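One structure is given here, and the rest of the page talks about it.
Because the structure is a prediction, the values reported are computed rather than measured. Every chain is numbered from 1, with letters handed out A, B, ... down the list of sequences.
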Amino acid sequence: MLDLKLIRENADEVEKALARRNGGHSLSGIVKVDSSFRQIQAEWESLNQRSNVISEMFKTGKASKEEIESLRQESKDLKKRREDLEKEKAELEDELETLRLGLPNLPDATVPDGRDENDNVEVHSWGTIPTIQDPKHHWEIGPTLAVFDFERGVKLAESRFTLLEENGAKLERAIMNFYLDFHSKRGYRELFPPILVNRECMIGTGQLPKFEGEFYKCADDELYLVPTAEVPLTNVYRDEVLDEEQLPIYLCAYTPNFRREAGSAGKDTRGYIRQHQFNKVELVKFCLPDRSHEELESLTRSAELVLEALELPYRRIALCTGDLGLNSQKTYDLEVWFPAQDKYREISSCSMFGDFQARRANLRYKPADGGKPRFLHTLNGSGVAIGRTLAAILENNQQSDGSVTIPKVLVPYLGGMDELKPKN
RNA sequence: GGAGAGGUGGCUGAGUGGUCGAAAGCGGCUUCCUGCUAAGAAGUUGUACGGUCAAAAGCUGUACCGAGAGUUCGAAUCUCUCCCUCUCCGCCA
């Protein structure tokens, strides 16, 4: 959410900054609603003031008996007019809130301009792309190695749900534990948050109200299945004022994630890449406003390091303005190599949000110099997606005999197992 | 699920329908004092959005005592609905 004062006073500049994204975002609507809201507000306040004066006269008993009758009547009339104004005021306020919540963040100056993902910029790549004769897709390899059972996953739920067979289950858990251990050792405090969250959380991190159809919601409770651990983690300190000395705060957590994938019909329908339920370890940071850029670099680096530890070839992409998410000022995507698809696929997305989420979730810190509480800055990134990691390991580590070697760092997490062999 | 208690400022905790933005204590801040971070004394201390001002300070207006509705000239205080927390019992991983 953008600062209303900033919009009011520098509408042109804000509009110019937003124009770097796709689809123009006109501010004239917001400015207009804001000014009529304030006009109504002023009128309403002056009526209140009069009512308070009348009350005061009752209190002090200064009015004569005849005056009392007319004052009583006046007060009743005032109340009626106030109620009319209140209705109008509430409507305008709602409208203003909706408009503001729908407005995206301002892109950072360092973000490359562009229309869509084709204009994203590769920052660097790591690792050697393996040479594999006729590489197979992970969905071809998985079932032969007791990793995936796609048919039964669909039977249990619906499409885009997968049953992990014994090796898959163990591998998924090994990756998850490796990631959590790795980030915990590097200063991220491990939490295990609720996986159902309330609406305030979803608004706080920016999923709602704009993307209502993307998420699973409980019918009888105002609760949502988390689409990412970003939601509970970023909301941990919602409506709180932290001390400056507490910052920065690094959090990490594993959660399952649930997404309807409403806009992705027909995309990645095969395999384990795009599921309604998937596992992920997420990294979240809270920091002082002037630290965002370096925190983004180190956050992204943390995500890269787990891929390097797993020896998976990847590249880092800087998203262009047109591909940036609603909340984000700047985003790096990490993409890992998928041999059978002959391309890189996203496995992590690391973003800085400035005070955009902090305003929505009311996340503040008290400056050490004793000033008023200020909004802090938030960042997050996948550290990284577990299911896609599993798929990438299957594809990159496939051998000509149909087996798959396990990355060294995972072997201890698998009781010493260092390869998966086909049954027969 | 049954029974009960309660939701007030950064925290603890008072509050008779007008004198309550709200006692008191703690904490915070400022100053004084004792030759050093300990103790003591005094003062000060909510938030949001407006107005005034070049701006800040200051002054000033309105709102806010879980949320919403109602009674009343006037509600933290009375009534209703909802939400949440706590205690006991039951049930359950």
What does the 5'-to-3' dot-bracket notation of RNA chain B look like when only Watson-Crick and G-U wobble pairs under 3.5 Å count, and pairs to other strands show as |?
((((((((.[[[..)..(.....]]]((((((.......))))))(((((((.....))))))).[[[[[..)....]]]]])))))))....

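- Counting to the nearest Å, the P atom of B:G74 and the CD1 atom of A:I68 are 14 Å from each other.
- When the P atom of B:U19 is taken as reference, atom CE of A:M57 falls 17 Å away, rounded to whole Å.
- Here A:K89 pairs with nothing under the salt bridge (Lys or Arg N to Asp or Glu O under 4.0 Å) rule; sequence neighbours left out.
- A search for side-chain hydrogen bond (donor to acceptor under 3.5 Å, both in side chains) contacts involving A:E395 returns A:H138, not counting sequence neighbours.
- Comparing the same atom, P, in B:G28 and in B:A38 gives a spacing of 10 Å after rounding to whole Å.
- For an aromatic pair to be called close, the ring centres must be under 6.0 Å apart, and A:Y237 with A:F286 satisfies this.
- Atom P of nucleotide B:G74 and atom CG of A:L47 are separated by 14 Å, given to the nearest angstrom.
- Taking A:R345 as the reference, A:D268 meet the salt bridge (Lys or Arg N to Asp or Glu O under 4.0 Å) condition, with sequence neighbours excluded.
- For the P atoms, the distance linking B:U44 with B:U62 amounts to 24 Å, nearest Å.
- One atom, CG of A:L4, and another, C1' of B:G50, lie 13 Å apart when rounded to the nearest Å.
- Taking atom CG of A:L92 as the reference point, atom P of B:G50 lies 15 Å away to the nearest angstrom.
- Nucleotide B:U47 holds its C1' atom 17 Å from the CD atom of A:E240, rounded to whole Å.
- The CG atom of A:N362 sits 11 Å away from the C1' atom of B:U47 (whole-angstrom rounding).
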Sort me out a list of protein N/O and nucleotides 9-11 of chain B N/O pairs below 3.5 Å, or just none if empty.
none

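- Residues meeting the salt bridge (Lys or Arg N to Asp or Glu O under 4.0 Å) test with A:D323, sequence neighbours left out: none.
- A centroid separation of 6.0 Å or more is found between the aromatic rings of A:F215 and A:F258.
- Between A:R8 and the phosphate of B:C49, there is no side-chain N or O to OP1/OP2 separation shorter than 4.0 Å.
- Within a 6.0 Å radius of CZ in A:R199, other residues, nucleotides and ligands contribute more than 12 heavy atoms.
- Applying the salt bridge (Lys or Arg N to Asp or Glu O under 4.0 Å) rule to A:E88 yields no partners; only residues at least two apart in sequence or on another chain are considered.
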Can you tabulate the close N/O pairs, meaning under 3.5 Å, that link protein atoms to atoms of nucleotides 91-93 of chain B?
none

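- For the P atom pair drawn from B:G43 and B:A23, the interatomic distance equals 15 Å after rounding to whole Å.
- In this structure, A:Y272 and A:F148 have tilted ring planes: the angle between them lies in the 30° to 60° band.
- Residue order along RNA chain B, read from the 5' end via each residue's closest nucleotide, puts A:P373 first among A:P373 and A:R38.
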If you apply the rule salt bridge (Lys or Arg N to Asp or Glu O under 4.0 Å), what do you find for A:R388 with A:E335, and how did you get there?
CA-CA 10 Å; A:R388 290 187 180 181; A:E335 297 179 338; over 6 Å; no

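- When the P atom is compared between B:U34 and B:G51, the two are found 49 Å apart, to the nearest whole Å.
- Residues satisfying the side chain to side chain contact (heavy atoms under 4.5 Å, CB included) test with A:S26, not counting sequence neighbours, are A:E15, A:S28.
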Using a 4.0 Å cut-off on protein heavy atoms (strictly under), produce a 5'-to-3' string for nucleotides 58-73 of chain B with B for base contact, S for backbone-only sugar-phosphate contact, and - for none.
---BBS--------BB

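- Look at the P atom in both B:C91 and B:G9: the space between them is 38 Å, to the nearest Å.
- Spacing of P atoms, B:C32 relative to B:U19, comes out at 38 Å, to the nearest Å.
- For A:E212, the CD atom counts as densely surrounded, since its 6.0 Å shell holds more than 12 non-hydrogen atoms of other residues, nucleotides or ligands.
- Scanning for side-chain hydrogen bond (donor to acceptor under 3.5 Å, both in side chains) contacts around A:E151 gives an empty result, with sequence neighbours left out.
- Enclosure of atom CD in A:E166 is not indicated, since only 12 or fewer non-hydrogen atoms of other residues, nucleotides or ligands lie within 6.0 angstrom.
- Rounded to whole Å, the C1' atom of B:C86 lies 43 Å from the corresponding atom of B:U31.
- Rounded to whole angstrom, the span from the CD atom of A:E69 across to the P atom of B:G74 amounts to 13 Å.
- For the P atoms, the distance from B:A5 to B:U79 is 14 Å, rounded to whole Å.
- A search for side-chain hydrogen bond (donor to acceptor under 3.5 Å, both in side chains) contacts involving A:W44 returns A:E86, not counting sequence neighbours.
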